[in-house]
Amino acid sequence: MNCIKDIINHRHGRFRAFFDGRDLGELASPPEIRAGYEAANFAVQGDSVFARTIEAAPELSAVIKIRVKAVQQALELLEQQPGAQGKLLLKNPDCRPVMQLLFPDCRLQPAWEFAPAFTGEHHILLQFSAKCDSAGKLFHLPGE
């Protein structure tokens, strides 16, 4: 098989990030998404029931890290709207069908990393926290 042809046909492209309608540009690397949940445990004891522990409904959350090439736009966002809350859309237009992940309830975290490169492009790492929306969904896919 032709290696160049294989790379062209299987190229998946790069993601772009949009926070609350603001284009943060193309990402330097794939987004890093770590989802988890937290659930509270309660001790219950009744007159006719022995004590036992039950678990409440879990609350889903995620931490999303994106490495952005558009350093100026990212720094402006951090300066103008620190701790801003909004929707985070991660979109890969090069995939067919287009891959999208929409996190409807995200908060920009004040934690970020910027190390200028000696050669090549500068990158800045932004961090978001996501929680479930009023419908109980952490994220939405296209068509939902």
Side-chain angles (χ1 to χ4, degrees), residues 5-144:
K5 191 174 187 179
D6 187 47
I7 291 171
I8 291 170
N9 290 336
H10 294 96
R11 181 175 183 267
H12 292 270
R14 295 189 186 257
F15 278 86
R16 290 186 77 84
F18 301 86
F19 181 63
D20 216 21
R22 185 179 201 159
D23 187 359
L24 297 177
E26 189 176 86
L27 303 186
S29 60
E32 181 182 321
I33 304 166
R34 299 200 185 281
Y37 76 96
E38 187 174 321
N41 292 321
F42 299 98
V44 178
Q45 182 172 354
D47 294 336
S48 62
V49 179
F50 293 108
R52 63 183 176 138
T53 303
I54 61 171
E55 186 174 278
E59 288 191 28
L60 297 172
S61 63
V63 173
I64 304 156
K65 294 179 182 180
I66 57 174
R67 190 167 299 278
V68 178
K69 289 182 180 182
V71 174
Q72 185 68 30
Q73 286 136 305
L75 289 172
E76 287 173 4
L77 177 64
L78 287 164
E79 179 190 33
Q80 295 167 2
Q81 300 175 338
Q85 191 165 353
K87 296 178 181 182
L88 178 66
L89 174 65
L90 301 173
K91 185 177 185 177
N92 188 336
D94 293 332
C95 284
R96 294 293 176 245
V98 173
M99 181 180 185
Q100 296 185 86
L101 280 172
L102 174 65
F103 295 89
D105 193 357
C106 274
R107 181 176 302 276
L108 175 63
Q109 297 298 308
W112 52 278
E113 297 175 23
F114 174 59
F118 286 118
T119 59
E121 298 175 324
H122 302 306
H123 301 147
I124 187 167
L125 180 73
L126 298 178
Q127 185 170 313
F128 296 86
S129 61
K131 60 182 185 176
C132 291
D133 62 6
S134 58
K137 296 195 97 177
L138 183 60
F139 66 92
H140 297 272
L141 294 172
E144 288 187 1

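For Gln72, the side-chain contact (heavy atoms from CB on, under 4.5 Å) partners are Glu76, not counting sequence neighbours. Not a single salt bridge (Lys or Arg N to Asp or Glu O under 4.0 Å) links Glu113 to another residue, sequence neighbours left out. Taking Ser129 as the reference, Arg107, Gln109 meet the side-chain contact (heavy atoms from CB on, under 4.5 Å) condition, with sequence neighbours excluded. For Asp20, the salt bridge (Lys or Arg N to Asp or Glu O under 4.0 Å) criterion is met by no residue, not counting sequence neighbours. Applying the side-chain contact (heavy atoms from CB on, under 4.5 Å) criterion to Lys87, with sequence neighbours excluded, gives Leu102. Partners of Phe18 according to the ring pair (Phe, Tyr, Trp, His ring centres under 6.0 Å) rule, which considers only residues two or more places apart in sequence or in another chain, do not exist here. The ring pair (Phe, Tyr, Trp, His ring centres under 6.0 Å) check on Phe103 picks up nothing, with sequence neighbours excluded. Residues forming a side-chain hydrogen bond (donor to acceptor under 3.5 Å, both in side chains) with Gln81 (at least two apart in sequence, or on another chain): none.
By the 6.0 Å contact criterion, CD on Glu59 is open, its count of non-hydrogen atoms from other residues, nucleotides or ligands being 12 or less.
Every pair passing side-chain hydrogen bond (donor to acceptor under 3.5 Å, both in side chains) that includes a residue from residues 62-71 is listed here, sequence neighbours excluded: Glu26-Lys69. Sorted by first and then second residue, the side-chain hydrogen bond (donor to acceptor under 3.5 Å, both in side chains) pairs with a member in residues 31-40 read Glu32-Arg34; sequence neighbours excluded.
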For residues 115-124, please give each side-chain donor-acceptor pair under 3.5 Å, one per line with the distance, not counting sequence neighbours.
| unit_1 | atom_1 | unit_2 | atom_2 | d |
| --- | --- | --- | --- | --- |
| His122 | ND1 | Ala117 | N | 2.9 |

